[in-house]
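Some notes on the structure that comes next.
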Protein chains: 2
Amino acid sequence: MRDAVPVFDRLLEIADLFQRDMARAFDGTALTPARTHLLWVLHHGGPSTQHALADALEVTPRNVTGLVDALETSGFLTREPHPTDRRATLVTLTVQGERAMTAMTAEREQLAADLVAGFADAEVAALRDGLDRVAARLRELIAADADRRASAERRPA
Amino acid sequence: MRDAVPVFDRLLEIADLFQRDMARAFDGTALTPARTHLLWVLHHGGPSTQHALADALEVTPRNVTGLVDALETSGFLTREPHPTDRRATLVTLTVQGERAMTAMTAEREQLAADLVAGFADAEVAALRDGLDRVAARLRELIAADADRRASAERRPA
DNA sequence: TATTGTTATACTCTATAACTATA
DNA sequence: TATAGTTATAGAGTATAACAATA
């Protein structure tokens, strides 16, 4: 297990680099990470209510109001009345919003290819396998931790 | 290159999981990611001026003022006059701050070991190698991108 | 003149709580 | 009574600009 900590450190470094890279990519546009995430969900899930978006983004409905406000103002999406539920709003990507997400998909694929340029196919497959296992393990650990916290909360009450 | 996008997606997912895990770990403490990062830099670099911290964190001096304010209030560090430069402040970890960083180091090593539990040594080494190469590539791409932007800025001026 | 840290101001992301309009 | 979205309020993280004290 001599290499466990270096693997961990590299993963943290890559996470940090991704974050910085994305933040930089938004410079000069009206987009930010949170707003882009919302557009991405909309692009893949189609027109949605704000409540559905809040669930998908794991964020409060109030938060979605703010994000949708900003994206509506900058022309990436529109709010339309829900056809059957007059309480609800249907959020829909505009042409500009769709174009932005299409461009982002292309950039994403380009970056993915660039990251493993120079790898043999078998090396990429091995890396994929290793990452799949690490991600699964991490999900498990987080779930176990959440359980532990939940029962610790139930105890003192 | 069939696996390039899945590798990319896994890396993004792991980055996201790390972020959520850390945010959760701070619940109930006075610590947050940004404040913890500052303590970590202090733990590894020893007593520093706020300016040095701003450089290390790649953040504005004004931002450091706020982080140090909060950490001073919660007892993780102290501000002391710089021995030779009366403009500057020396920020130093308290015993509580050192203890928090020691605990964090142990948790980090535990998590790193857990992530690759069940991997053969050679598999961990291969994963480490793959991640090293991906991280190096990502750093290159970001640097190239920064260069491109810098010259694009010089042009229209 | 340049540097260190601060006050002033502002924007983004996030949260909770209270409220309105509808189901 | 419950749900969808909003207003009100607050705190964290970040930034720029102007300014004081010191180098």
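Predicted model only: the values in this text are computed from it and were never measured.
Nucleotide D:dG11 holds its P atom 15 Å from the CG atom of B:D69, rounded to whole Å. Regarding B:R87, its CZ atom lies at a distance of 10 Å from the P atom of D:dT22, rounded to whole Å. Whole-Å rounding puts the B:R86 CZ to C:dT6 C1' distance at 18 Å.
A:I142 is not listed as a side-chain neighbour of B:R20, based on a closest heavy-atom distance of 4.5 Å or more.
Side-chain N or O atoms of B:R137 include none that pairs as donor or acceptor with a backbone N or O of A:V116 at under 3.5 Å. Judged by distance alone, with hydrogens and angles left aside, the side-chain atoms of A:H44 form a donor-acceptor pair with the main-chain N or O of A:W40 at under 3.5 Å.
The number of heavy-atom neighbours closer than 6.0 Å to CZ of B:R139, taken from other residues, nucleotides and ligands shown, is above 12.
Taking the side chain of A:D85 as heavy atoms from C-beta on, and the options D:dA23, D:dA4, D:dG5, the nearest nucleotide is D:dA4.
Taking every heavy atom of residues 41-52 of chain B and every atom of DNA chain C, pairs under 4.0 Å involve B:T49, B:Q50, B:H51, by number.
A donor and an acceptor atom, one from each side chain of A:T94 and A:Q96, are nowhere located under 3.5 Å apart.
Ion pair A:D132/B:R10 flagged as a salt bridge, since at least one NZ, NE, NH1 or NH2 atom sits closer than 4.0 Å to an Asp/Glu carboxylate oxygen. Taking the charged nitrogens against the carboxylate oxygens, A:R148 and A:D145 do have a contact shorter than 4.0 Å, which makes a salt bridge.
Taking the ring pair (Phe, Tyr, Trp, His ring centres under 6.0 Å) definition, one finds that A:F119 meets it with nothing, sequence neighbours left out.
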Worksheet, complete the sentence: Once base and sugar-phosphate atoms are separated, protein heavy atoms under 4.0 Å mark nucleotides 10-16 of chain C, 5' to 3', with B, S and - as --SSBBB
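As judged by a 4.0 angstrom heavy-atom cut-off over every strand, B:T65 is placed among the base-contacting residues.
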